[in-house]
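Notes follow once the structure below has been shown.
Each chain gets a letter, A, B and so on, in the order its sequence line appears, and its residues count up from 1.
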Amino acid sequence: DAGITQSPRHKVTETGTPVTLRCHQTENHRYMYWYRQDPGHGLRLIHYSYGVKDTDKGEVSDGYSVSRSKTEDFLLTLESATSSQTSVYFCAIKGGQQETQYFGPGTRLLVL
Amino acid sequence: SQQGEEDPQALSIQEGENATMNCSYKTSINNLQWYRQNSGRGLVHLILIRSNEREKHSGRLRVTLDTSKKSSSLLITASRAADTASYFCATARNSGGSNYKLTFGKGTLLTVNP
């Protein structure tokens, strides 16, 4: 998994509660990404980061915020979780000058 | 909106047979990539083909790209049960600097029966 860990790996929460997912990388990569994967939709980009404190929106950013205060950590926050945010969330990094991405193991989130 | 669309959505074959998956996309791209996802796991990069390339090989994988038709195909030869997974195409477009945004299709679920 290219030195990428995600925590927690599974989480059940209730509608309206805040949730923060963490992505941690050990290889000092500049670019980090958050995706969500849903049946019938494939993977969709939520937010990405191109450096410490530098982030930008992806295709499905509404209801999500991100922060990157250290190179190694990229946090995804659901300020007030909704059932539509039940999904599997994947973090990815872009390896150096390569155009490919390397994915973490995923976080399965259930919002009741 | 999804850039890549795989076809078929599901494919079931016998071990030893070849598997072909197709991907169509809508806009210009820098490159097209194929990823594999085993059940419950993250995606793993398989192969990348650039927009100025027509064919690429890696082991038992063969990828073709037809930019005039905006389509790509992934061929897995002599399939094995371990090839059972979902396969995704992803189109890459440069979004500034060295950043490339990937847009994924919905995937093809390949089942290889022993």
Would a hydrophobic clustering, with Ile, Leu, Val, Met, Phe, Trp and Tyr connected at side-chain separations under 4.5 Å, put [X] with [Y]?
X: A:Val19; Y: A:Val60; answer: yes
X: B:Leu109; Y: A:Phe103; answer: no
X: A:Leu75; Y: A:Leu78; answer: no

**Message:** According to ring-ring contact (aromatic ring centres under 6.0 Å, His included), does anything in residues 63-94 of chain B pair up with another residue at least two apart or in another chain? List the pairs.
**Reply:**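 Residue pairs with at least one partner in residues 63-94 of chain B: there are none.
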
**Prompt:** Side chain, backbone, both or neither: which part of A:Phe90 has a heavy atom under 4.5 Å from chain B?
**Reply:** side chain

**Message:** With chain B as the partner, which of A:Gly106, A:Pro39, A:Gly40 has the greatest number of non-hydrogen pairs under 4.5 Å?
**Reply:**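 The answer is A:Gly40.
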
**Prompt:** Heavy atoms, side chains only, cut-off 4.5 Å: are B:Gln37 and A:Gln37 in contact?
**Reply:** yes

**Message:** I want to check something: taking the side chain as every heavy atom from C-beta on, are B:Lys101 and A:Tyr48 in contact at a cut-off of under 4.5 Å?
**Reply:**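 Yes. Closest side-chain heavy atoms under 4.5 Å.
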
**Request:** Nearest 0.5 Å please: distance from the CG atom of B:Leu43 over to the OG1 atom of A:Thr100.
**Result:**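 It is 12.0 Å, given to the nearest 0.5 Å.
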
**Item:** Nearest heavy-atom neighbours spanning A:Gln101 and B:Gln33
**Value:** N-OE1, 4.4 Å

**Prompt:** Between B:Leu102 and A:Tyr35, what is the shortest heavy-atom contact and its length?
**Reply:**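 For B:Leu102 versus A:Tyr35, the nearest heavy atoms are CB-OH, 3.9 Å.
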
**Request:** With sequence neighbours excluded, give me every salt bridge (Lys or Arg N to Asp or Glu O under 4.0 Å) pair touching residues 75-93 of chain A.
**Result:**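 Qualifying pairs, neighbours excluded: none.
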
**Request:** Give me the contact list for residues 48-74 of chain B versus chain A, heavy atoms only, anything under 4.5 Å, ordered by residue number.
**Result:** B:Leu48, B:Arg50

**Message:** For B:His45, give me all partners under ring-ring contact (aromatic ring centres under 6.0 Å, His included), at least two apart in sequence or on another chain.
**Reply:**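 Result, ring-ring contact (aromatic ring centres under 6.0 Å, His included) vs B:His45: B:Tyr35.
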
